[in-house]
Every structure is written in C-alpha cells, then in structure tokens.
Amino acid sequence: MTKGSELGTIVKSNIVDRVYERVGFTRQEAASAVDVVLDEIKAVLSKGESVRIVGFASFNLRDKKARNARNPRTGEPIIIKPRRVLTFKPSKHLLDSTNSKDHETIHSG
Amino acid sequence: MTKAELVEKVAAQINLTKKQTEVVVNTVFQSITESLAQGKKVELRGFGSFRVRSRNARVGRNPKSGDRVDVPAKRVPFFKAGKELRELVDGELDIIADTE
C-alpha cells in the first residue's frame with residue numbers, strides 16, 4: 001500500500017497510481033491527466049455551471065441571499081453578503097456503495 | 001456539464017484519445033467510490049475532501065399519511081469543497097455583484 005491509504009485516507013497520488021495501473025501511460029502522464037480532470041471540473045464550477053457525473057454524484061451551485069446575522073460571541077449584528085456555494089448530491093449508486101456489506105465491519109471515520 | 005462533456009474537454013487539453021480519457025475519468029470516480037465504500041476518506045488538494053458520515057436510525061413520518069416509519073441507520077457520502085474551490089465558486093458572484 002502506498003502512503004496515505006494506511007491511515008485510512010486516500011490522496012491524489014493513490015488515484016494516480018490506479019490510473020497508472022489501468023492505462024499504458026507513464027506515471028507522469030497519469031498524474032497530469034488526473035490534474036486536468038480536476039482542474040476542468042473546477043473551471044466549469046467557477047463559471048457557474050454544475051457538473052453531473054452519472055453513477056457518482058452531481059456538484060451543484062446554489063446562490064444564497066444576503067441575510068442579517070449576529071456574531072455569536074459578541075452579539076453584534078452583521079450582514080452576510082450574498083454568496084454562491086457548492087452542494088454535493090451523491091447518486092443512488094454511490095449511496096448504495098457506501099451502504100454495502102463490506103463497509104459494515106469498518107468503524108465510521 | 002455531463003461526464004461525456006468532461007471527457008471531451010479533458011481529451012482536448014491533453015495528448016490522449018477520448019477512449020483513454022474516459023478510462024482516466026472513470027478511474028478517478030471509481031477510486032473515490034471504492035474508498036468511501038471501505039470507509040476511507042479521500043482528500044484532493046485544491047479540490048476538496050470526500051468522507052462518509054453516519055446517520056442514526058430514526059423514526060420518521062410518511063408526510064402524506066402521517067404514518068410512522070422506521071428509517072434505518074445509514075452512511076451518507078459527504079463532500080467538503082476545499083478553500084480554493086470554495087473561493088473560486090463564489091468569485092464570479094462577487095464580480096456580478098460588483099458590476100450591478
């Protein structure tokens with residue numbers, strides 16, 4: 001096992017390894033391909049367009065209105081500016097996978 | 001944007017065929033799915049992190065009939081956008097707000 005996964009955390013290099021094992025590129029090519037995929041998703045989202053990956057999830061954008069709030073520490077009223085946030089909606093397939101049997105023996109993280 | 005469009009955009013940027021790019025894209029999402037299925041966290045720098053959250057069993061209600069229904073405990077995949085992505089996504093709204 002490569003670094004990271006021993007701790008129960010998968011990082012980009014673990015994914016690059018998988019890509020490298022599956023296709024005939026060099027590891028460098030695999031790494032840059034993974035980067036381009038992630039960068040393209042980021043670019044699309046930053047343009048305000050949502051991304052839907054069938055069988056995985058969709059990344060949607062939601063515009064939040066400005067609202068009044070309070071600093072919970074000082075009680076001081078503040079205005080929260082309108083903002084755009086990212087929401088994540090897992091697909092049925094992903095939900096089913098995380099509730100599959102082999103998961104049940106593992107403690108939640 | 002759909003997965004097919006993503007594959008096309010990525011293939012245009014790198015020296016790979018659409019077929020090869022599709023394998024790359026599928027592998028990325030399959031890896032994340034499998035890791036979450038094993039209860040492992042996935043952290044992608046500059047993008048965000050994926051993890052699984054547990055939800056306790058609860059008694060719910062059928063909103064139509066008002067009947068009680070048992071909702072079993074389940075695990076829900078959860079994504080938290082990284083700082084960079086969060087700011088990128090919010091950035092354009094700032095530009096629009098400034099010019100209005």
Side-chain angles (χ1 to χ4, degrees), chain A residues 4-5 7-12 14-15 18-19 21-25 29-30 32-34 36-57 59 61 63 81-88 90 93-95 97-100 102-103 105-109, chain B residues 1-7 9-11 13-16 20-21 23-54 72 74-81 84-94 96-97:
Chain A
S5 54
L7 304 163
T9 301
I10 304 297
V11 293
K12 194 155 69 188
N14 304 122
I15 293 177
R18 294 283 300 277
V19 172
E21 285 158 18
R22 278 226 212 154
V23 287
F25 326 143
E29 285 170 322
S32 75
V34 171
V36 174
V37 170
L38 295 175
D39 286 346
E40 185 56 38
I41 295 172
K42 280 202 282 190
V44 170
L45 291 171
S46 69
K47 279 187 283 183
E49 195 189 326
S50 57
V51 175
R52 182 158 164 264
I53 309 293
V54 172
F56 182 70
F59 298 90
L61 298 162
D63 288 336
K81 284 196 283 190
R83 64 207 167 98
R84 178 173 286 163
V85 296
L86 185 59
T87 63
F88 175 78
H93 174 254
L94 181 56
L95 275 169
S97 301
T98 52
N99 284 286
S100 64
D102 57 327
H103 191 164
T105 50
I106 295 160
H107 290 289
S108 57
Chain B
M1 170 181 261
T2 62
K3 194 172 82 179
E5 289 163 350
L6 176 66
V7 167
K9 282 264 191 112
V10 171
Q13 286 174 59
I14 49 180
N15 199 16
L16 298 179
Q20 291 171 315
T21 308
V23 175
V24 173
V25 170
N26 286 340
T27 305
V28 168
F29 294 112
Q30 272 166 25
S31 303
I32 298 171
T33 303
E34 282 165 26
S35 305
L36 292 175
Q38 291 163 14
K40 289 176 184 169
K41 241 188 338 191
V42 180
E43 279 179 10
L44 302 173
R45 281 282 159 88
F47 192 77
S49 60
F50 299 86
R51 48 174 293 191
V52 176
R53 281 189 174 175
S54 299
K74 60 185 167 197
R75 294 171 209 273
V76 184
F78 179 82
F79 174 70
K80 185 167 188 270
E84 191 192 332
L85 180 56
R86 216 161 49 229
E87 287 173 355
L88 261 175
V89 162
D90 196 26
E92 214 214 15
L93 196 70
D94 279 350
I96 294 165

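In what follows, chains carry the letters A, B, and so on, assigned in the order in which the sequence lines appear, proteins first and then strands, with residues in each chain numbered from 1.
- Of the residues considered (Ile41(A), Thr87(A), Val23(A)), Ile41(A) shows the highest number of contacts with chain B, using heavy-atom pairs under 4.5 Å.
- The side-chain heavy atoms of Gln20(B) and Phe25(A), taken from C-beta on, include a pair separated by under 4.5 Å.
- Applying the salt bridge (Lys or Arg N to Asp or Glu O under 4.0 Å) rule to Glu49(A) yields no partners; only residues at least two apart in sequence or on another chain are considered.
- Proximity to chain A (any heavy atom under 4.5 Å) is restricted, for Phe50(B), to the side chain, taken from C-beta onward.
- In terms of heavy-atom proximity, Gln13(B) sits nearest to Val36(A) at OE1-CG1, 3.7 Å.
- Both the backbone and the side chain of Glu43(B) come within contact range of chain A, with heavy atoms under 4.5 Å apart.
- Within a 6.0 Å sphere centred on CZ of Arg52(A), heavy atoms belonging to other residues, nucleotides or ligands number 12 at most.
- The two residues Ile15(A) and Leu44(B) make their nearest non-hydrogen contact at CD1-CD2, 3.9 Å.
- Across Glu5(B), Glu34(B), Lys80(B), Arg45(B), the residue that shares the most heavy-atom pairs under 4.5 angstrom with chain A is Glu34(B).
- Note that the CG atom of Asn14(A) and the NZ atom of Lys40(B) stand 8.5 Å from one another [nearest 0.5 Å].
- Contacts of Lys41(B) classified as side chain to side chain donor-acceptor pair (under 3.5 Å), with partners at least two apart in sequence or in another chain: none.
- Side-chain N or O atoms of Lys42(A) include one that pairs as donor or acceptor with a backbone N or O of Gly46(B) at under 3.5 Å.
- The aromatic rings of Phe47(B) and Phe59(A) sit perpendicular, their planes meeting at an angle over 60°, well past the 30° parallel limit.
- Looking only at side-chain heavy atoms (C-beta outward), Gln30(B) and Arg22(A) come within less than 4.5 Å of each other.
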